[in-house]
Amino acid sequence: MKILVCIKQVPDMESKFKVNADGRWYDAADLAWRMNEYDEYAVEQAVQLKEQVGADSDLTVLCIGPERVKETMKKALAMGADRGVNVADDNSHQKDPFEIASIIAEFAKEQGFDLIFTGMQSQDRGSAQVGVLVAELLGLPSISTIVDFSYADGRISAKRELEGGVKARVSCATPALVTCQLGLNTPRYPTLPNIMKAKKKELLSVELAELLKVEGKQETSKIYFPEKKGGGLVLEGDASDLADQLIQILKEKTAVLA
Amino acid sequence: MKTLLVAEYRDGKLLGSTYELVAFAQKIGAESSMFLVGSETVLPQYDGTLYLADSSKYGEFNPAVHKQLLLDVIAREQPEMVVFSHSSYGWDLAPRISLALNAAHISEVVEFVDGVPVAPVCNAKLRREVKANTVQTVVSLQAGAFGLSSDPVGSPRVERVETDTAPQIEFEGYEEAEAGGVDLSKAEVIVSAGRGIGKPENIAMIEALAKSLGGEYAASRPVVDSEWAEHNRQVGTTGQTVSPKLYVACGISGAIQHLAGMKKSEFVVAINTDKDAPIGEVADVLLVADLKQLVPVLTEKLQIL
Ligand SMILES: Cc1cc2nc3c(=O)[nH]c(=O)nc-3n(C[C@H](O)[C@H](O)[C@H](O)COP(=O)(O)OP(=O)(O)OC[C@H]3O[C@@H](n4cnc5c(N)ncnc54)[C@H](O)[C@@H]3O)c2cc1C
Ligand SMILES: Nc1ncnc2c1ncn2[C@@H]1O[C@H](COP(=O)(O)O)[C@@H](O)[C@H]1O
């Protein structure tokens with residue numbers, strides 16, 4: 001069984017963000033980078049499927065982005081992927097979901113993947129489009145936002161998460177694509193021996209020009225910080241003082257301490 | 001401008017988000033018509049054309065088939081904008097439609113500024129304006145961003161639509177959220193634990209603070225996903241919606257899906273080490289502090305009040 005998992009590298013969301021010089025994206029300097037949280041679930045599910053299928057399986061992890069994304073790809077290799085393919089692109093942040101999906105589909109189209117895993121959305125741009133678009137471009141069925149997954153005899157069964165905690169049970173034949181939601185599984189931590197083993201795994205680079213055949217349909221024209229509204233009080237200081245101040249505020253503004 | 005609104009129907013009911021789409025069209029001053037895979041027995045209160053496909057025939061979740069039904073309607077109506085809710089139905093169907101139309105799809109739109117859609121970036125810490133390079137566009141709207149249409153009225157002119165497209169996916173039924181446990185909607189005070197609590201043992205600290213305030217404890221999704229708290233304590237779009245007198249968010253960043261479940265709280269206190277965390281936007285008081293230090297001290301002081 002041939003499996004593909006698509007991952008994105010994103011900044012740690014607790015970073016202090018700055019707008020970059022052209023005002024159209026966040027500044028990439030001084031950020032800590034990690035694997036998109038949703039994609040960690042995708043990698044874990046792909047590795048579990050590989051383990052289930054056994055010797056006959058082959059798992060590729062794909063990431064479009066600049067040189068630094070290889071660090072994140074190594075984590076996927078240490079989690080159990082067999083090889084990494086980096087589509088080298090210093091300007092991936094300017095590509096729209098359609099361009100990203102087209103690059104992935106172009107890479108995948110003649111390789112006969114039985115299953116493709118993506119995250120349901122990326123944490124930075126969060127379009128929640130790329131996975132479904134890849135499937136449509138390849139003419140495959142896709143199931144989005146899954147919180148449960150199983151595979152047997154050429155069919156997948158999954159649960160889609162809907163609003164309010166309701167789930168929909170769905171199934172389809174492979175080849176297919178699924179987009180992974182938070183809580184799908186418990187992503188493993190790479191062990192030291194697996195991190196060492198991962199260093200020997202193949203990590204290929206592919207030129208963007210080989211795979212990019214389309215033009216984008218949208219662009220970010222401006223990025224900015226939202227206005228702080230509501231005028232809430234921001235308090236800093238020593239824990240004991242803060243506790244006293246808060247109790248005073250709760251007494252004045254709410255009825256909960258009455 | 002001509003818009004086509006894609007309404008939603010689930011488990012025999014028309015979803016309330018339908019009226020958010022109507023409100024959106026009103027707000028941007030657009031003409032609209034509506035598409036729904038639903039039933040004639042529960043029509044929206046809507047003064048316009050409704051293209052209706054029968055869900056007993058085409059299913060409530062059936063992407064390939066709904067896609068074809070919708071594309072046929074788009075071909076007839078020629079809308080400049082196709083409008084979805086950014087929901088489990090919308091984010092599944094919208095990309096399929098945008099690709100087939102070769103149209104830009106802008107997701108999670110939270111507002112329109114001078115006709116330009118705006119979407120959140122990085123967990124809503126930033127916003128971006130998005131420019132479409134196509135004439136026809138697809139947008140999906142963040143839940144709650146455009147309000148509800150004031151007093152929905154009217155009955156739609158119904159036009160039936162049919163297709164013989166084959167499904168690709170089999171829908172086997174719904175599974176309800178497990179019932180029972182705590183009813184957070186009745187709690188007057190809720191103290192909520194986020195990933196910032198760091199480890200499962202620290203739930204006890206949150207629970208103690210909740211007790212000292214005479215309330216219940218709750219949690220954000222990662223805390224529930226890690227099984228540090230039960231699902232019936234989760235607040236947010238895929239958990240419960242709460243509106244207590246006091247909501248104390250401890251180590252919660254304030255993602256849109258979390259805010260959707262608690263922003264109707266009367267008074268919001270946030271404890272967070274990150275001064276810029278988006279929870280600050282809804283907090284009446286943001287205490288910039290390590291919850292592991294502040295929460296025990298606060299609990300102790302409350303206990304001796
Ligand atoms: C379709 C969908 C549905 C979703 N439904 C829900 C839902 O129902 N409910 C929900 O909550 N989420 C939901 N989410 C997930 C949501 O997008 C966020 O990922 C989630 O809310 C983040 O939880 P958090 O704030 O606890 O964690 P994080 O975003 O990781 O934030 C942790 C916060 O803790 C702070 N912190 C860290 N250490 C400390 C410390 N020592 N003291 C004080 N502060 C500290 C950090 O500064 C940070 O702000 C959903 C997502 C999707 C896509
Ligand atoms: N640059 C990228 N490289 C590889 N996969 C990506 C990239 N961007 C997005 N994806 C995949 O598409 C999913 C959805 O992303 P998005 O549509 O941007 O929210 C992510 O969770 C990834 O699995």
Side-chain angles (χ1 to χ4, degrees), chain A residues 11 13-14 16-17 26 123-129 132-133 136-137 141 143-145 159-172 182-183 216-226 228-230 232-236 239-240 242-244 246-247 249-250 253-257, chain B residues 61 87-88 91-92 95-96 99 104-108 121-123 125-134 168-177 188-189 213 221 225 231 237-239 245-246 253 267 269 274-276 280-289 293-294 297-298 301-302 305:
Chain A
M13 292 302 138
E14 285 165 37
K16 188 122 190 90
F17 290 99
Y26 55 78
Q123 286 174 284
D124 55 352
R125 193 190 49 205
S127 73
Q129 294 179 28
V132 177
L133 287 175
E136 291 288 301
L137 285 162
I143 304 175
S144 62
T145 337
K159 288 180 190 164
R160 289 194 76 220
E161 188 181 48
L162 314 179
E163 287 69 28
V166 181
K167 292 166 194 157
R169 277 180 287 128
V170 294
S171 66
C172 74
L182 306 172
K217 298 183 211 166
Q218 57 180 279
E219 56 199 88
T220 297
S221 49
K222 185 178 156 195
I223 194 165
Y224 57 95
F225 288 94
K228 293 243 188 285
K229 23 179 197 241
L233 203 57
V234 179
L235 299 175
E236 291 176 73
S240 176
L242 286 176
D244 290 334
L246 180 64
I247 289 170
I249 293 168
L250 293 180
K253 303 266 171 78
T254 74
V256 299
L257 295 184
Chain B
F61 179 72
S87 61
S88 56
W91 66 60
D92 189 89
R96 304 177 198 268
L99 187 69
H105 169 201
I106 302 161
S107 348
E108 222 182 348
V121 186
C122 291
N123 195 10
K125 279 194 164 180
L126 290 151
R127 298 254 191 295
R128 64 188 186 116
E129 291 186 2
V130 191
K131 210 177 101 234
N133 300 330
T134 57
Q168 284 184 319
I169 286 173
E170 207 171 313
F171 170 74
E172 292 161 357
Y174 293 112
E175 212 173 274
E176 296 298 323
E188 295 207 334
V189 176
L213 285 161
R221 177 167 185 144
D225 283 342
H231 181 263
T237 44
T238 46
K245 291 208 168 84
L246 173 65
S253 62
F267 199 84
V269 174
D274 180 2
K275 202 174 167 178
D276 298 324
E281 278 190 59
V282 298
D284 296 282
V285 182
L286 169 62
L287 303 170
V288 184
Q293 288 163 7
L294 179 55
V297 175
L298 181 60
K301 289 185 190 264
L302 285 165
L305 266 194

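Numbers restart at 1 for each chain; the letters A, B, ... are given by sequence-line order, proteins then strands.
Ranking Arg221(B), Lys245(B), Gln293(B) against chain A, the residue ahead of the rest is Arg221(B), based on heavy-atom pairs under 4.5 Å. Top candidate by heavy-atom pairs under 4.5 Å with chain A, chosen from Val130(B), Asp92(B), Val297(B), Asn123(B), is Asp92(B). Of all the listed residues (Asp274(B), Ile106(B), Val189(B)), the one sharing the greatest number of non-hydrogen pairs under 4.5 Å with chain A is Ile106(B). When each of Thr237(B), Leu305(B), Ile169(B) is scored by its heavy-atom pairs under 4.5 Å with chain A, the top score falls to Ile169(B).
The contact between Gln123(A) and chain B is made entirely by backbone atoms, counting heavy-atom distances below 4.5 Å. With a threshold of 4.5 angstrom between heavy atoms, Arg125(A) approaches chain B through its backbone and through its side chain. Only the side chain of Leu257(A) has a heavy atom closer than 4.5 Å to any heavy atom of chain B. Of the atoms belonging to Ile249(A), it is side-chain heavy atoms, and not backbone ones, that fall under 4.5 Å from chain B. When heavy atoms are compared at a cutoff of 4.5 Å, Leu246(A) approaches chain B solely by way of its side chain, counted from C-beta outward. Proximity to chain B is limited to the side chain of Thr254(A), based on heavy atoms less than 4.5 angstrom apart. Both the backbone and the side chain of Phe225(A) come within less than 4.5 Å of a heavy atom in chain B. Contact annotation for Glu108(B): only side-chain heavy atoms (C-beta onward) come within less than 4.5 Å of a heavy atom of chain A. Contact of Phe61(B) with chain A is made through the side chain alone, with heavy-atom distances under 4.5 Å. Looking at Tyr174(B), both its backbone and its side chain come within 4.5 Å of chain A, counting heavy atoms on both sides.
Inter-residue side-chain proximity for Leu235(A) and Val285(B) is flagged as met; some heavy-atom pair is nearer than 4.5 Å. Considering only heavy atoms from C-beta on, Glu175(B) comes within 4.5 Å of Arg169(A) through its side chain. At least one side-chain heavy atom of Ile247(A) sits less than 4.5 Å from a side-chain heavy atom of Leu298(B). At a threshold of 4.5 Å between non-hydrogen side-chain atoms, the residues Phe267(B) and Leu250(A) count as touching. Residues Pro95(B) and Glu136(A) fail the side-chain proximity criterion, which asks for heavy atoms closer than 4.5 Å. Considering only heavy atoms from C-beta on, Asp284(B) stays 4.5 Å or farther from Lys253(A) through its side chain.
Without hydrogens or angle criteria, Gln218(A) side chain to His105(B) main chain gives a donor-acceptor distance under 3.5 Å.
A pairwise comparison of heavy atoms in Ser127(A) and Ser107(B) identifies O-OG, 2.8 Å as the closest pair. Across every non-hydrogen atom of Trp91(B) and Val132(A), the tightest pair is O-CG2, 4.4 Å.
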Take Asp244(A) and Lys301(B) through the test side chain to side chain contact (heavy atoms under 4.5 Å, CB included) and record every step on the way to the result. CA-CA 8 Å; Asp244(A) 290 334; Lys301(B) 289 185 190 264; 3.1 Å; yes

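Atoms CD and CZ, from Glu219(A) and Arg128(B) in turn, are 10.5 Å apart once rounded to the nearest 0.5 Å.
Checking Glu163(A) against Ser88(B) by side-chain atom types alone, a donor-acceptor pair falls below 3.5 Å.
Counted within 6.0 Å of NZ on Lys217(A), heavy atoms from surrounding residues, nucleotides or ligands total more than 12; the atom is thus considered enclosed.
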